[in-house]
Structure formats: structure tokens, C-alpha cells
Amino acid sequence: MRDEIASKAGTALLDWYDVHARDLPWRVSPLARRDGAVTDPYRVWLSEVMLQQTTVAAVREKYLRFLVLWPTVEALAAAEDSDVMAEWAGLGYYARARNLLKCARAVANDHGGQFPDQADALRDLPGIGPYTAAAIAAIAFDRPETVVDGNVERVVARFFDVDTPLPAAKPELTRLAGRLTPARRPGDHAQAMMDLGATICTPTSPACGICPLIAGCAGRATGRAAELPRKTPKKPKPIRQGIAYVVRRSDGALLLETRPDRGLLGGMLGWPGTEWNDAPSPAPPLEADWRPLGGEVRHTFTHFHLRLAVLLAEVPADALPDRGSFVDRHEFRPSSLPTVMRKVWDLASGQTGRI
DNA sequence: CAAGCGTGGTC
DNA sequence: TGACCAAGCTT
């Protein structure tokens, strides 16, 4: 009887989690909770948004830094957009940072500073989709929601030996994940599923020998676990070209621009440049004696490879650019740039020694 | 609803 | 070195 198997698996997973729960900065362990520690919905939300399509290793320091700068949702709601975008630099998917601010301001202004405690209400907030709404509801508010992320999809596809490829299999996997969800401790169960996927039921070489779910795992029984879940093949990435313009004023100031609020790298700081396509037209931000830098910047985005040529110019103190604005040498922090723009800076500053 | 949207780690 | 992958959301 499948439901009995699923029920036993859910229990075994919670037992495993009580012993093996990873120590993560945003997590309140079952042990800590027993000692009276409480779960802050703001921290759960912040971590879950950062963790969307992003590894724990990349998030850890960024999360702690955000908490120091903005310890509460009200503090974050009151932050300057540019400060938040600069702190998010390097994490990627910058729409998350824009939505993070929108969401914080909605919670502060429309919800009295308290996050809604149910998944459907959470779902109405910017940047909170099905996964994040369920995760916050389960982890922060102990709601019996089933949380389905990439880890859970993999664990469930293997446990029930689902052969349908993703993303078509998503509804079926969500339904099956519900079968594994126990009535008690939904938040711990959700985190246990994700920990299991991250540490044991890993994408290429699952450690079935130490898995708490081995007894009921159909994928293990058929020997196909490591090949699941199947996925429809991805399209190849085209190669696009572009030019980035680095302008240094005689006083050391650098010409930067804030990119439009939508689209690629929206809202982030960057060097003026051409469009990125097959044959970009030159688009220098001012008239100058442009010097090409040797080499190029290579960067891969989600859906294309980019090769950037970099042109450098030194301009007088009274130079007036067509776009962008000069940033004082001492206020410029490369770490506030998205990675592709930081690579441009690395190339420019490296070649000129001390630009 | 398929496509757009980043990055760093891993194999 | 390059393809794949990670605690997805939006339009």
C-alpha cells in the first residue's frame, strides 16, 4: 500500500532531520526551538528569496550582511533602492532585489509590518511565488503546506520512480510530494526534504546507502534513481557581442549608469555600452580618444554567451557625457557591480595598472 | 506559457 | 573548458 509507505517515509525523514539538520544561519533547528527560540518570518522570507535558484554557499554571507544592514522588514522598507541593489550585486536574478523592496514596502505599509501567515496571502506579494509562499507558511507559521523546489522534485521523482520529464512532470510531482508531507511539523518536513536533496539525494550520485528513505524508494528498487528526474533538453545559447566604455575623468571619477528598471541587470549599476546582439553599433557616451583594451570579457547569462570588447578613454574635468554620471573615485566600489560589469572593471584596471 | 532572467560551483 | 546545475518568479 503506497500511502503506508509514504507515511513511514515521512516519519523516517523527520527522525533523520532531528539528527542531521544542517546548521544554517536562517534556520531555527528543532533543538533550538525546544529551547524557546522563535522563527522570524522576515528572516525566513529574506533567506527564501535569496535562495531562489541560488546555492547556500553564495547566500550565506549575503544573508548575514543584509540582516546587519536591515534587521527588520521596516528597516528594509526604508532603505534606498540603490543601496539594496548594490548589496545584492553578485547574487544574480536582480528582479529578486527589486521585488524584495516592493514586498518589504507592501508588508510595512499595507500589513502593519507583519507578514501574512497564510500561503495564498503571501502569494500575492511581489517576488513570492508558489514555492516561497508555501515555504514561508510552513517554516514560519507552521501551516501544513507542501513545499516543492528542485530538491523536492528530484527526491519525489526518485522515490515514486516518475519517468515523465520536467517541466511537464511538475504537477504530478507536486501531488506526490503532498503524499509524503506529514500532518505534523510541516516546516521541518520541508527543510528535511531540501536537506536530503542537497546532501544525500544529489543530482548525479545519490548516496542511497545512507538515505533514510531507502526502504520505500521505488527509484532505488529499479536502479534508475541516479537518472531521475528526466528533463527536456535545453536550447543552445547563442553568442552575442557588445562594447563596454570605461571613462576616467582627470580627477579619477568614473562614468557609470544605472540601468533601466526592467530587463537584464535591471536597476543595477554598469558601464555605458552598446546593445548586446549579433552586430552592435558603436554607442560611445561621449566624444573621446578611445583606446581598445587587449582581450575581451566573456560572460554567460541564462540564455546567451556574451563577448565584450572594452574601450577606455581619459577625459578632462569639464567633460559632459551624453548618458550616465560620474562617480567619485572614493565612492566607487567594484563589489556593487553585477559580475559582468565587475569583469569589465577587472580588465580595465588590470591593464592600466592603476586606472 | 514558453521565454527571460545571473551567478558560482562542480564534474 | 564547457555544460549542467541550484531553496523560482514574472510576463
Side-chain angles (χ1 to χ4, degrees), chain A residues 21-22 24-27 43-63 85 88-100 102-103 122-140 145-155 166-168 170-171 174 177 187 189-199 201-205 226-227 229-240 259-268 270 276 298-306 335 337-343:
Chain A
R22 285 188 292 174
L24 301 172
W26 46 84
R27 174 172 291 175
R43 298 185 183 204
V44 174
W45 164 72
L46 179 62
S47 66
E48 290 300 344
V49 173
M50 285 186 170
L51 286 162
Q52 290 167 5
Q53 297 289 283
T54 308
T55 58
V56 166
V59 166
R60 191 185 298 266
E61 291 307 312
K62 198 68 78 174
Y63 167 83
M85 299 311 288
W88 197 274
L91 260 195
Y93 284 141
Y94 298 100
R96 290 185 295 170
R98 304 195 298 272
N99 286 329
L100 193 79
K102 287 182 192 167
C103 183
L122 287 160
R123 179 69 184 75
D124 291 334
L125 291 164
I128 298 185
Y131 162 77
T132 306
I136 297 171
I139 297 169
E145 299 288 340
T146 299
V147 176
V148 184
D149 74 329
N151 288 305
V152 176
E153 287 174 352
R154 185 170 58 255
V155 170
L166 284 167
K170 175 89 176 175
T174 299
H189 173 78
Q191 296 178 88
M193 288 286 280
M194 295 188 281
D195 272 21
L196 188 75
T199 63
C201 197
T202 55
T204 56
S205 51
E227 295 144 37
R230 290 178 52 203
K231 296 189 178 181
T232 54
K234 296 172 180 174
K235 290 183 178 176
K237 298 179 201 279
I239 299 175
R240 297 185 189 172
R259 299 171 63 86
D261 223 31
R262 301 192 156 196
L264 191 64
L265 308 181
M268 297 300 290
W276 298 341
R298 291 191 179 200
H299 191 77
T300 299
F301 292 99
T302 309
H303 54 294
F304 66 94
H305 301 288
L306 177 65
S335 64
L337 298 175
T339 299
V340 64
M341 299 297 176
R342 189 181 48 71
K343 286 182 180 177

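To find a chain, count down the sequence lines: A is the first, B the second, and so on, and within it residues start at 1. FYI, side chains are in, hydrogens and waters are out, and symmetry mates aren't considered; it's all heavy atoms of this structure. In this text the structure is predicted, and so the values were computed from the model without any measurement.
Residue-level contact check: A:Leu91 touches the bases, meaning some heavy atom is under 4.0 Å from a base atom. Residue contacts for A:Arg123: at a heavy-atom cut-off of 4.0 Å it reaches the sugar-phosphate backbone alone, with no base atom in range.
Proximity note for A:Gln52 (side chain, C-beta onward) versus C:dG8, C:dC5, C:dA6: the nearest is C:dG8. Of the candidates B:dT7, B:dC5, C:dT10, B:dC5 carries the atom nearest the A:Tyr93 side chain, counting heavy atoms from C-beta on. Of all nucleotides listed (C:dA6, B:dT7, C:dT10), C:dA6 comes nearest to the side chain of A:Lys231.
Between A:Gln53 and the phosphate of C:dG8, there is a side-chain N or O to OP1/OP2 separation shorter than 4.0 Å.
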Please produce a list of atom pairs where a protein N or O lies less than 3.5 Å from an N or O of nucleotides 8-11 of chain B.
residue	atom	partner	partner atom	Å
B:dG8	OP1	A:Thr339	OG1	3.2

Pairs: protein N or O with nucleotides 2-4 of chain B N or O, under 3.5 Å:
residue	atom	partner	partner atom	Å
B:dA3	OP1	A:Lys235	NZ	2.5

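Aromatic rings from A:Phe301 and A:His299 are positioned such that their centres are separated by under 6.0 Å.
With sequence neighbours excluded, no residue satisfies side chain to side chain donor-acceptor pair (under 3.5 Å) with A:Lys102. With sequence neighbours left out, the salt bridge (charged side-chain N to carboxylate O under 4.0 Å, His left out) criterion links A:Arg240 to no other residue. Residues passing the side chain to side chain donor-acceptor pair (under 3.5 Å) test with A:Arg230, sequence neighbours excluded: A:Asp163. For A:Arg27, the salt bridge (charged side-chain N to carboxylate O under 4.0 Å, His left out) partners two or more places apart in sequence, or in a different chain, are A:Asp195.
Of the N and O atoms on the side chains of A:Tyr131 and A:Gln52, not one donor lies less than 3.5 Å from an acceptor on the other residue.
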### Query
So A:Leu24 and A:Gln191, side chain to side chain contact (heavy atoms under 4.5 Å, CB included) or not? Walk me through it.
CA-CA 11 Å; A:Leu24 301 172; A:Gln191 296 178 88; over 6 Å; no
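For the P atoms, the distance linking B:dG8 with C:dC9 amounts to 22 Å, nearest Å.
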